[in-house]
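Okay, structure first, notes after.
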Amino acid sequence: MEKIREVILVEGRYDKNTLSQIVDATIITLGGFSVFNDRQKLSLLRRLAQERGLIILTDSDGAGFVIRNYLKGALPANRVKQAYIPDIRGKERRKRAPGKEGKLGVEGMRPEVLLQALRNAGATFETGDCLPQRQELITKADLFALGLTGAGNSAARRARLQQELDLPAHLSANGLLDVLNVLYTRDAFLQEFSKKE
């Protein structure tokens, strides 16, 4: 599995599922057009862009380009790369009928096509021998130990933490973990979180 440094932005969860089987990267779903009205998510994307850089990978239909063009204007251009998939007619396996334009989206692309799109965009592929030294990652066990998962009030605690860190309110526990690992080292997060207790 190829490891990519940048955070990859995709339209929805099926795109994320397909891509996560091919690359080891932080993948954020935009939620389609809902990103237009989500100031918190946009703020998060700007932070992620500054920290790691972003790659936008949307479908090649009109809707995908509307989302892509919106993000082009909303995010720092020097921290964003554009990955394009080819126009291939067809329908995804899970769908009964093709989309409005009859094209396959990200979820319907073959792995080699997606990897080539990421290479063409200038994605930073990291190999095991040249990975930057990184502190330990924040784990699900850390979130559990801090009462952010698995406790009766963990959802409220996560919501409070997300608000204090200016993160989107609708992040799942797994989504929060992904974002925290981009923005913080494990030691820095544990130190910061212990101050908030």
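Residue numbers count from 1 along this sequence.
Shortest non-hydrogen contact noted between I22 and P111 is CD1-CA, 3.6 Å. Scanning both residues, L57 and A83, for their nearest heavy atoms gives CD1-O, 3.7 Å. Among all heavy-atom pairs drawn from S60 and L104, the shortest one is OG-O, 4.3 Å. When all heavy atoms are compared, the tightest approach of T149 to A173 is CG2-CB, 3.9 Å. Nearest heavy-atom pair across A25 and E6 is CB-O, 4.2 Å. Considering every non-hydrogen atom in both T185 and I138, the closest pair reads O-CD1, 4.2 Å.
Under the 4.5 Å side-chain criterion, counting only non-hydrogen atoms from C-beta, L176 is not in contact with N174. Looking only at side-chain heavy atoms (C-beta outward), L9 and L45 come within less than 4.5 Å of each other. Taking 4.5 Å as the limit, some side-chain heavy atom of L115 sits within range of a side-chain heavy atom of E2. Using a 4.5 Å heavy-atom threshold, the side chains of D24 and E126 count as separate. A heavy-atom distance below 4.5 Å is not found between the side chains of D61 and K100. Contact of the V80 side chain with the I55 side chain is not registered, since no non-hydrogen atoms from C-beta on lie closer than 4.5 Å. For the pair D59/I67, no side-chain contact is recorded, criterion being any heavy-atom separation below 4.5 Å from C-beta on. The shortest side-chain heavy-atom distance between T26 and I4 does not fall under the 4.5 Å cut-off.
In this structure, the side chain of R79 engages the main chain of Q50 through a donor-acceptor pair within 3.5 Å. Distance alone, capped at 3.5 Å, places no donor-acceptor pair between the N181 side chain and the D178 backbone. With hydrogens and angles disregarded, no donor-acceptor distance shorter than 3.5 Å links the side chain of N17 to the backbone of R13.
For the residue pair Q191/D187, the side-chain donor-acceptor check at 3.5 Å is not satisfied. Between the side chains of E11 and T29, no donor-acceptor pair is found at a separation under 3.5 Å. In this model, no donor atom of one side chain and acceptor atom of the other lie less than 3.5 Å apart for T18 and D15.
Under the 4.5 Å side-chain heavy-atom criterion for grouping Ile, Leu, Val, Met, Phe, Trp and Tyr, Y14 is not connected to V23 through any hydrophobic cluster. L183 and L146 fall within the same hydrophobic cluster, defined by Ile, Leu, Val, Met, Phe, Trp and Tyr side-chain heavy atoms under 4.5 Å apart, directly or through other members.
With values rounded to the nearest 0.5 angstrom, Q82 atom CD is found 4.5 Å from Y84 atom OH. With rounding to the nearest 0.5 angstrom, the CG atom of L161 is 12.0 Å from the OG atom of S154. Atom CG of L137 is separated from atom CG of L177 by 8.5 Å, given to the nearest 0.5 angstrom.
Environment of CD in Q163: sparse, with no more than 12 heavy atoms of neighbouring residues, nucleotides or ligands closer than 6.0 Å. At most 12 heavy atoms of other shown residues, nucleotides or ligands fall within 6.0 angstrom of atom NZ in K140. Other residues, nucleotides and ligands contribute more than 12 heavy atoms inside 6.0 Å of the CZ atom of R119.
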Show me the donor-acceptor pairs, under 3.5 Å and distance only, between side chains in residues 31-39 and residues at least two apart or in other chains.
| residue | atom | partner | partner atom | Å |
| --- | --- | --- | --- | --- |
| S34 | OG | G31 | O | 2.7 |
| D38 | OD1 | Q40 | N | 3.3 |
| D38 | OD1 | K41 | N | 3.0 |

Discussion item. Let's go through L71 and L42 carefully: what are the C-alpha distance in whole Å and the side-chain angles of both, what is the deciding distance for side-chain contact (heavy atoms from CB on, under 4.5 Å) to 0.1 Å, and is it a yes or a no?
Written reply: CA-CA 9 Å; L71 293 174; L42 211 49; 4.1 Å; yes
Could you walk me through whether I56 and I8 satisfy the side-chain contact (heavy atoms from CB on, under 4.5 Å) test, starting with their C-alpha distance in whole Å, then the side-chain angles of each, then the deciding distance to 0.1 Å, before giving a yes or no? CA-CA 6 Å; I56 299 174; I8 304 172; over 6 Å; no
L180 and L143: side-chain contact (heavy atoms from CB on, under 4.5 Å), yes or no, with the steps? CA-CA 11 Å; L180 290 174; L143 297 184; 4.2 Å; yes
- [ ] Go through V66 and T58 one step at a time and tell me if the side-chain contact (heavy atoms from CB on, under 4.5 Å) criterion holds.
- [x] CA-CA 10 Å; V66 168; T58 60; over 6 Å; no
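Note on residues 87-96: pairs passing salt bridge (Lys or Arg N to Asp or Glu O under 4.0 Å), not counting sequence neighbours, are D87-K103, E92-K95, R94-E107.
The cationic group of R186 does not satisfy the cation-pi geometry with F189, failing either the under 6.0 Å distance to the six-membered ring centre or the 45° limit from the ring axis. For the pair R5 and F125, the NZ or CZ position fails the cation-pi test of under 6.0 Å to the six-membered ring centre and within 45 degrees of the ring normal.
Just one of L148, L167, L44 meets the side chain to side chain contact (heavy atoms under 4.5 Å, CB included) condition when paired with Q162; it is L167. When each of T124, L54, N120 is checked for a side chain to side chain contact (heavy atoms under 4.5 Å, CB included) with K81, only T124 meets the rule.
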